[in-house]
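Taking it in order: structure first as structure tokens, then the write-up.
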Amino acid sequence: LFAVAGVPLGPLRVFGKAGAIYWDSDGRVGRLDSFSDDGFDWGLGAGLEMEIGSIAVRGEVEHFDVLDGSLMVSGGVTLTF
């Protein structure tokens with residue numbers, strides 16, 4: 001769950017986001033060693049979105065406090081109708 005706030009700069013919009021995530025991880029190392037962990041952690045992010053008509057292209061970076069910090073970079077396209 002994240003809250004997002006942004007500032008429009010013409011066709012561009014700069015935004016920030018803050019929220020929390022629940023994660024669950026299971027894995028195995030070799031044949032006998034397995035692990036399982038889960039948790040609730042905070043996350044922060046920032047990005048840039050460019051609107052062209054009803055299409056918007058966005059890129060963002062998010063930091064999650066999972067296992068001493070994880071960084072995710074993502075991109076997306078939205079269509080408003």
Side-chain angles (χ1 to χ4, degrees):
L1 182 63
F2 278 82
V4 179
V7 176
L9 304 170
L12 297 177
R13 183 171 80 97
V14 178
F15 63 90
K17 59 196 300 185
I21 62 168
Y22 174 79
W23 56 274
D24 187 8
S25 176
D26 297 312
R28 182 179 298 250
V29 179
R31 292 182 181 224
L32 301 176
D33 294 330
S34 64
F35 63 88
S36 178
D37 199 5
D38 61 16
F40 174 85
D41 289 297
W42 300 106
L44 295 171
L48 183 65
E49 181 176 73
M50 181 172 155
E51 292 183 16
I52 304 170
S54 63
I55 298 175
V57 178
R58 78 189 296 171
E60 61 187 277
V61 176
E62 294 175 297
H63 177 268
F64 302 107
D65 192 26
V66 177
L67 302 175
D68 298 325
S70 297
L71 190 65
M72 180 174 76
V73 177
S74 63
V77 176
T78 60
L79 175 63
T80 305
F81 54 93

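Start at 1 with the first residue, then count along the sequence.
Between the CD1 atom in Ile21 and the CZ atom in Phe64 there is a gap of 5.0 Å [rounded to 0.5 Å]. Remark: Leu9 CG to Met50 CE distance equals 13.0 Å, nearest 0.5 Å. Atom CG of Asp24 is separated from atom OG of Ser36 by 6.0 Å, given to the nearest 0.5 angstrom.
The shortest heavy-atom contact between Ala20 and Phe40 is CB-CZ, 3.3 Å. Smallest separation of non-hydrogen atoms from Arg13 and Ala5: NH1-C, 4.4 Å. Nearest heavy atom pair, residue Leu48 against residue Phe15, reads N-CE2, 3.6 Å. When all heavy atoms of Phe35 and Ser25 are compared, the pair lying nearest together is CE1-OG, 3.8 Å.
Residues Leu79 and Ser54 form a side-chain contact, since some pair of their non-hydrogen atoms from C-beta on lies under 4.5 Å apart. Residues Tyr22 and Asp38 form a side-chain contact, since some pair of their non-hydrogen atoms from C-beta on lies under 4.5 Å apart. By the 4.5 Å heavy-atom criterion applied to side chains, Ser74 and Glu60 are counted as neighbours. Counting only heavy atoms from C-beta outward, the side chains of His63 and Met72 never approach each other to under 4.5 Å.
Ion pairing of Glu62 with Lys17 is present here, as a side-chain N (NZ or NE/NH1/NH2) and a carboxylate O approach within less than 4.0 Å.
With hydrophobic clusters built from ILVMFWY side chains whose heavy atoms lie under 4.5 angstrom apart, Phe81 does not share a cluster with Ile52.
Annotation: Leu1, atom CG; neighbour count of heavy atoms from other residues, nucleotides and ligands within 6.0 Å does not exceed 12.
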